[in-house]
Protein chains: 2
Amino acid sequence: MLHYDEIMPSMKRPGGRSARVRAAVLEGAVLELGEFGWRSLSVDRIAARSGVHKTTIYRRWGSADRVVLDALLDRGSEGFPIPDTGDLGEDLVCLGRSVASGITDPIGRALAAAIIDEPDSPTISRLADAFWSQQFEEARVIVDRAIKRGDVASSVDGGQIVESIAARVWFRVMMRRGEVTDMWLEEIVGSTVEGLSPAVERD
Amino acid sequence: MLHYDEIMPSMKRPGGRSARVRAAVLEGAVLELGEFGWRSLSVDRIAARSGVHKTTIYRRWGSADRVVLDALLDRGSEGFPIPDTGDLGEDLVCLGRSVASGITDPIGRALAAAIIDEPDSPTISRLADAFWSQQFEEARVIVDRAIKRGDVASSVDGGQIVESIAARVWFRVMMRRGEVTDMWLEEIVGSTVEGLSPAVERD
DNA sequence: ATCATAATGCAACATCTAGTTGCATTACTA
DNA sequence: TAGTAATGCAACTAGATGTTGCATTATGAT
């Protein structure tokens with residue numbers, strides 16, 4: 001996983017005002033991201049919106065990009081909630097909804113924009129990998145529970161199933177600009193889950 | 001579909017020099033995109049690289065963004081080649097490879113960046129929708145042929161299958177920064193195609 | 001071939017934004 | 001409460017962005 005210290009200078013007085021300033025700046029940056037997107041982000045506007053002087057931002061972060069990076073590290077770790085309805089299909093539909101709302105919010109979009117626009121940045125790569133690996137590691141229990149219930153074969157790879165759903169949702173939202181309706185979710189979950197039932201043992 | 005005229009001023013002498021200028025500028029823009037990404041694109045550098053004066057670019061396109069948009073319209077319509085190997089799985093693996101290489105080229109990345117960073121632009125939305133709709137409409141014949149061969153049930157939606165593969169590839173490249181190996185492609189194609197065979201008719 | 005003029009080239013300019021520096025002020029924390 | 005880390009502030013530099021007027025080139029109609 002990626003740590004705060006790796007991109008930020010160490011501070012000798014991280015508490016009190018500094019902490020408030022950081023929170024205000026990150027909050028402002030996220031709002032700006034949501035409103036204007038990363039490409040037209042400016043330190044001046046983040047400063048104005050957060051009520052912090054731009055000099056401070058330049059001194060602590062150095063650039064608007066690093067503010068966004070910091071915001072990603074700060075908030076990106078809040079994962080999706082893991083549903084547990086007792087039914088694999090329903091769990092996956094819930095997860096799909098979470099993914100959909102997660103990627104449309106400013107942080108999710110910023111992460112996507114960063115990854116696309118900065119294909120060679122190792123920091124971004126590690127950030128993305130860390131984020132999704134963690135998400136899928138947590139979410140695979142959805143499938144593991146279904147295996148335990150005997151609803152699907154034990155050979156099924158939970159990570160793959162979950163990633164498949166996330167990928168479909170991501171693509172629809174990002175690339176197709178489509179709505180993620182419950183009907184559509186049920187459809188893709190249905191075709192994904194289809195044929196996973198364990199073979200009937202005859203002996 | 002989106003037309004050139006919708007974003008570009010009509011010219012009274014579109015041939016000869018004007019056409020050469022446009023080609024040079026779009027080519028330069030694509031090279032710049034590949035090297036620096038959209039976020040750090042500048043009219044000055046496009047002008048320098050294409051050997052066209054920056055005034056001309058400002059007069060004809062107005063901004064670097066519109067140059068990129070024009071480039072997308074100009075080249076984005078070149079679709080993926082549609083494979084025809086006689087086997088559904090193999091066709092889909094080929095298609096996956098095309099999608100993967102399509103993403104990494106500058107135009108694909110620019111389109112992705114545009115879509116993500118400009119969620120409210122109707123022009124971008126229509127461009128994206130037109131692009132993908134066309135791709136999937138063309139690619140669904142892969143599945144239709146398999147249906148005709150009797151390899152899969154006629155109820156299967158070719159568009160969904162194709163989109164599913166494209167989505168997995170995009171997600172892997174963009175979000176996970178993973179390699180798209182043949183082995184991985186065969187794996188996801190396998191799990192997608194699994195269970196599509198027509199029920200054996202008994203009469 | 002010729003000619004009106006569309007399109008581009010060119011230089012100089014105005015404007016705006018990004019980022020810096022020196023010093024004053026605030027407020028952590030030892 | 002004293003030392004100083006962190007921020008606020010204003011003025012500045014540098015550089016990129018976009019504009020304007022005029023000269024030059026080349027297209028397309030005659």
Side-chain angles (χ1 to χ4, degrees), chain A residues 4-5 7-29 31-33 35-71 74 110 113-114 117-118, chain B residues 4-5 7-29 31-33 35-71 74 110 117-118:
Chain A
Y4 177 71
D5 315 346
I7 62 156
M8 296 297 294
S10 61
M11 300 189 72
K12 298 190 176 178
R13 289 180 185 173
R17 180 167 61 170
S18 295
R20 285 195 300 275
V21 163
R22 177 166 181 248
V25 168
L26 296 192
E27 176 66 19
L31 292 175
E32 284 289 317
L33 272 176
E35 219 168 302
F36 301 102
W38 197 344
R39 271 179 50 229
S40 29
L41 203 64
S42 92
V43 171
D44 281 338
R45 274 213 309 274
I46 296 177
R49 173 163 244 155
S50 60
V52 168
H53 213 84
K54 70 167 179 170
T55 320
T56 300
I57 298 183
Y58 277 116
R59 278 198 275 247
R60 276 184 67 174
W61 286 275
S63 72
D65 281 15
R66 294 175 71 109
V67 174
V68 174
L69 204 59
D70 192 13
D74 189 56
D117 216 82
E118 223 80 33
Chain B
Y4 176 71
D5 316 345
I7 62 157
M8 296 296 294
S10 62
M11 300 189 71
K12 296 191 175 178
R13 289 177 185 175
R17 181 169 56 171
S18 294
R20 285 195 300 276
V21 163
R22 177 165 181 250
V25 168
L26 296 192
E27 176 66 20
L31 292 175
E32 284 289 318
L33 272 176
E35 219 168 301
F36 302 101
W38 196 343
R39 272 179 50 229
S40 31
L41 205 63
S42 93
V43 171
D44 282 338
R45 275 213 310 275
I46 296 177
R49 173 165 245 156
S50 60
V52 168
H53 212 85
K54 70 167 180 171
T55 320
T56 301
I57 298 183
Y58 278 117
R59 277 196 277 246
R60 278 184 67 175
W61 285 274
S63 71
D65 280 15
R66 293 175 72 107
V67 173
V68 174
L69 203 59
D70 193 14
D74 190 56
D117 215 82
E118 224 81 32

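So you know, we letter chains A, B, ... as the sequences are listed, proteins then strands, and number each from 1.
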Applying salt bridge (Lys or Arg N to Asp or Glu O under 4.0 Å), can you list everything that pairs with B:Arg17, at least two apart in sequence or on another chain?
none
Using the test salt bridge (Lys or Arg N to Asp or Glu O under 4.0 Å), find all partners of B:Arg49 that sit at least two apart in sequence or belong to another chain.
B:Glu32, B:Glu35
OP1 or OP2 of [N] versus the side-chain N and O atoms of [X]: is any pair under 4.0 Å?
X       : N      : value
A:Arg17 : D:dA5  : no
B:Ser42 : D:dA16 : no
A:Ser18 : D:dA6  : no

Which part of the nucleic acid does B:Val21 contact within heavy-atom distance under 4.0 Å: base, sugar-phosphate only, or nothing?
sugar-phosphate
Nearest heavy atom decides the nucleotide; on that basis, is B:Gly16 or B:Arg45 closer to the 5' end of DNA chain D?
B:Arg45
Expressed as a whole number of angstroms, how long is the span from [X]:[atom1] to [N]:[atom2]?
X       : N      : atom1 : atom2 : answer
B:Arg39 : C:dA18 : CZ    : C1'   : 14 Å
A:Arg20 : D:dG8  : CZ    : P     : 11 Å
A:Ile57 : D:dA6  : CD1   : C1'   : 14 Å
A:Phe36 : C:dT17 : CZ    : P     : 12 Å
A:Glu32 : C:dT17 : CD    : P     : 13 Å
A:Tyr58 : C:dG22 : OH    : P     : 18 Å
B:Arg22 : C:dT8  : CZ    : C1'   : 17 Å
B:Trp61 : D:dT19 : CH2   : C1'   : 18 Å

For every nucleotide of nucleotides 10-15 of chain C, 5' to 3': is a protein heavy atom under 4.0 Å from its base (B), only from its sugar-phosphate (S), or from neither (-)?
BB----
Gap between atom CG of B:Leu69 and atom CG of B:Asp74 - 0.5 Å precision
11.5 Å
Nearest-0.5 Å distance, OG of residue A:Ser50 to CZ of residue A:Arg45
12.5 Å
Going by side-chain contact (heavy atoms from CB on, under 4.5 Å), name the residues that satisfy it together with [X], two or more places apart in sequence or in a different chain.
X       : value
B:Ser18 : B:Met11, B:Arg60
A:Ser63 : A:Asp65, A:Arg66
B:Thr55 : B:His53, B:Arg59

For A:Ala64 and A:Val43, which heavy atoms make the closest approach, and how far apart are they?
N-CG2, 3.6 Å
Looking at five pairs on each end of the helix from C:dA1-D:dT30 to C:dA30-D:dT1, what is the angle between the two axes, given to 10 degrees?
50°
Give me the distances for all protein-to-nucleotides 2-4 of chain D N/O pairs that come in under 3.5 Å?
| from | atom 1 | to | atom 2 | distance (Å) |
| --- | --- | --- | --- | --- |
| D:dG3 | N2 | A:Arg13 | NH2 | 2.6 |
| D:dT4 | O2 | A:Arg13 | NH1 | 3.1 |
| D:dT4 | O2 | A:Arg13 | NH2 | 2.9 |

Passing candidate, side chain to side chain contact (heavy atoms under 4.5 Å, CB included) with B:Ile46, options B:Val25, B:Val52, B:Leu26, B:Leu31
B:Val25
Would you indicate whether the side-chain heavy atoms of B:Leu33 and B:Trp38 approach each other to under 4.5 Å?
yes
Test for a donor-acceptor pair under 3.5 Å between the base of D:dT7 and the side chain of A:Arg60, counting only N and O atoms.
no
